[in-house]
Asks: 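Structure below; questions to follow.
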Amino acid sequence: MKRLFSGIKPTGDLHLGNYLGALKQWIALQEDYESIFCIVDYHSITSAYEPNKLNEYVLKCACNYLASGLDHVKSIISLQSRIPSHAELTWILNCITPKSWLERVPTFKEKAAKQEDNINLGLLDYPVLMTADIILYKAEAVPVGEDQLPHIELAREIVRRFNTTFGELFPEPKGIVGKIGRIKGLDGADKMGKSLNNCIFLNETKDEIWRKLSKAVTDPARIRKIDPGNPDVCNLFSLHKLMSHEDKIQEVREGCTTAGIGCLKCKRWLTDSIDKELEPIREKYFQYLQNPNYVGEILVEGSKKANLIAADTLEQVRDLIGFNYDFIK
Ligand code: SF4
C-alpha cells in the first residue's frame with residue numbers, strides 16, 4: 001500500500017469547506033492508502049495566535065477528524081508537535097532550499113500582504129515544513145486543494161535536490177486534487193473560511209445552519225421571487241450539487257429557472273440537505289468532545305506510531321548528510 005499524508009491546522013472548529021474539500025476525500029482514500037492524518041499545529045503558529053486557545057483548538061480538530069469518519073485503527077491520527085522529527089528535518093531541508101524558491105510561492109505573497117507587521121521566517125518557511133511533514137513518512141500521495149499544488153511542486157524540487165546531493169532516499173510526492181475544487185463561503189466570493197465569517201461549522205445545529213443560509217448570497221440578478229434565476233451563477237446551487245439528492249438538484253434547477261420557487265424555499269431545502277449529512281457527525285463530535293482523555297489517548301497513540309516511522313527516516317537522513325559520527329556511540 002502506498003503511503004498518504006495530509007493535515008489541517010488547528011484553528012478551532014472545522015467547517016463545511018474543510019469537510020467537503022478535505023475530510024470527505026480522506027475518508028475515501030484511507031481505504032486505499034496507508035494514511036497519516038496529522039493535526040499540524042506547527043503550521044498554526046506562523047500567524048498571530050493565542051497560546052491558551054491551542055488546547056481547545058487541537059481537541060476540537062481531533063473530534064472533528066474522528067466524528068467525520070477518520071478511522072484511528074486503520075489510519076494514523078497524529079499531532080505534529082509531538083513528533084520532533086518534523087522540525088528537525090525542516091532545518092536540514094532549509095539548508096538545501098534556496099530562499100528564492102520560497103519567495104516565489106504565491107501563498108507566501110498573499111499571507112505576507114495580509115500580515116505586513118508579522119512577516120516571520122516561519123511564514124516563508126511554511127512550504128519546507130510541509131515538505132518535511134510529507135517526506136518524513138516517504139508519503140507518495142498528498143490530497144490537496146488546487147491552491148496547494150505549488151507547494152507540492154516545491155516539495156518535489158526539494159526532494160530532487162536532496163536525492164541528488166546526498167543520495168536517493170525520498171520518493172517525489174504527488175498531489176491528489178479532489179474533484180470538488182474550491183468551496184466558496186456564504187458570501188459567494190471568497191473561499192469558505194473561519195476567519196472570513198462565511199462558513200457553516202460541522203457542529204452547528206439545523207437552526208444555526210438556517211440562520212446563516214437565510215442571509216447567504218444568491219444569484220445577484222434575481223431581485224424578486226417572480227424573476228427567474230440562474231443557478232449556474234449561484235453559490236448555493238453549487239452547495240446543493242454537493243449536498244442534495246439528484247432529484248432535489250433537478251427540482252432546484254427547474255424551480256429557479258422558471259421562478260417556480262423563491263430563494264428562501266431553496267435555502268430551506270439546502271438547510272435540510274446539509275443538516276441530514278451533518279447530524280450524525282455533530283452527534284459523534286459532541287460525544288468525543290465530552291471524552292477529551294479518550295481523544296487525547298488516540299492522538300498520543302497515533303503520534304507514537306508516526307514517531308517510529310519518522311525517527312527511522314530521520315536516522316537515514318542523518319547517515320546521508322554526515323551526522324553519523326563514528327566516535328560517538
Ligand atoms: Fe440560488 Fe436557489 Fe435562489 Fe436559484 S432559487 S438563485 S439556486 S438560491
Side-chain angles (χ1 to χ4, degrees), residues 8 11-28 64 67-69 110 143-149 177-285:
I8 292 178
T11 53
D13 280 312
L14 300 188
H15 52 71
L16 198 58
N18 299 125
Y19 176 67
L20 294 170
L23 290 170
K24 233 180 152 174
Q25 192 192 10
W26 295 1
I27 290 155
N64 276 306
S68 299
E110 280 165 30
V144 283
E146 213 143 353
D147 55 340
Q148 296 277 309
L149 280 176
V177 181
K179 292 182 196 124
I180 288 173
R182 192 177 156 100
I183 311 292
K184 280 193 195 161
L186 302 181
D187 53 6
D190 289 302
K191 185 175 167 180
M192 189 177 281
K194 188 182 166 207
S195 60
L196 297 168
N197 200 20
N198 66 1
C199 65
I200 291 172
F201 291 107
L202 296 183
N203 60 7
E204 287 189 301
T205 63
K206 191 170 182 179
D207 283 348
E208 286 165 331
I209 297 170
W210 163 247
R211 203 164 31 79
K212 287 187 172 177
L213 281 181
S214 63
K215 294 182 215 144
V217 173
T218 61
D219 170 5
R222 192 171 190 205
I223 312 288
R224 301 164 306 171
K225 193 177 164 188
I226 53 166
D227 298 325
N230 178 1
D232 295 319
V233 299
C234 177
N235 183 42
L236 296 193
F237 187 63
S238 308
L239 287 176
H240 264 298
K241 287 198 279 186
L242 294 168
M243 304 299 294
S244 297
H245 191 271
E246 191 53 42
D247 296 344
K248 186 56 76 185
I249 297 168
Q250 290 313 322
E251 208 177 339
V252 171
R253 181 176 281 288
E254 168 80 20
C256 179
T257 51
T258 59
I261 57 163
C263 290
L264 278 181
K265 181 157 203 164
C266 183
K267 289 172 171 181
R268 282 275 181 208
W269 286 345
L270 184 56
T271 303
D272 291 342
S273 301
I274 294 176
D275 182 64
K276 193 171 169 205
E277 181 142 354
L278 295 192
E279 192 191 4
I281 295 174
R282 190 165 60 226
E283 255 177 48
K284 284 188 208 144
Y285 170 85

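Just so you know, ligand 1 is whichever comes first in the structure, and atom 1 is the first atom listed for that ligand. We use all heavy atoms of the structure for the numbers below, so side chains are in, but hydrogens, waters and symmetry mates are not. The chain is numbered in sequence order, starting from 1.
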Asks: Decide whether a cation-pi geometry holds between Lys248 and Trp269; the criteria are a distance under 6.0 Å from NZ or CZ to the six-membered ring centre and an angle within 45° of the ring axis.
Replies: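 Here Lys248 passes the 6.0 Å and 45° test against Trp269.
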Asks: Which ligand 1 atoms are under 4.0 Å away from a heavy-atom of Arg222?
Replies: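 Those of ligand 1 that fall under 4.0 Å from Arg222 are 3 (Fe), 5 (S).
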Asks: So how far is it from Leu14 CG to Leu202 CG, rounded to the nearest 0.5 Å?
Replies: 6.0 Å
Asks: Below 4.0 Å, non-hydrogen atoms only: which portion of Thr218 touches ligand 1? Side chain, backbone, both or neither.
Replies: side chain
Asks: Inspect the surroundings of CG in Asn197 and state if more than 12 heavy atoms from other residues, nucleotides or ligands are less than 6.0 Å away.
Replies: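 Open: at most 12 neighbouring heavy atoms sit under 6.0 Å from CG of Asn197.
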Asks: At a 4.0 Å cut-off, with the gap strictly under it, does some heavy atom of Cys266 reach an atom of ligand 1?
Replies: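 The answer is yes, since Cys266 has a heavy atom less than 4.0 Å from ligand 1.
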Asks: State, without any angle test, whether Asp13 and Tyr285 hold a side-chain donor-acceptor pair at a distance under 3.5 Å.
Replies: yes
Asks: Which residue and non-hydrogen atom of the protein lie closest to atom 4 (Fe) of ligand 1, and at what distance in Å?
Replies: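 Here the closest protein heavy atom is Cys256 SG, 2.3 Å.
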Asks: Find all atoms of ligand 1 within a distance of less than 4.0 Å from any non-hydrogen atom belonging to Asp219, and give their numbers and elements.
Replies: 6 (S)
Asks: Nearest heavy-atom pair of Val177 and Gln25: which atoms, and what distance?
Replies: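 For Val177 versus Gln25, the nearest heavy atoms are C-NE2, 4.0 Å.
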Asks: I need the nearest protein heavy-atom contact for atom 1 (Fe) of ligand 1: residue, atom name and distance, please.
Replies: Cys234 SG, 2.4 Å
Asks: For residues Gln250 and Glu254, is any side-chain donor paired with an opposing acceptor at under 3.5 Å?
Replies: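 Short answer, no.
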Asks: Looking at atom 1 (Fe) of ligand 1, is one of the N, O or S atoms of Cys263 less than 2.8 Å from it?
Replies: no
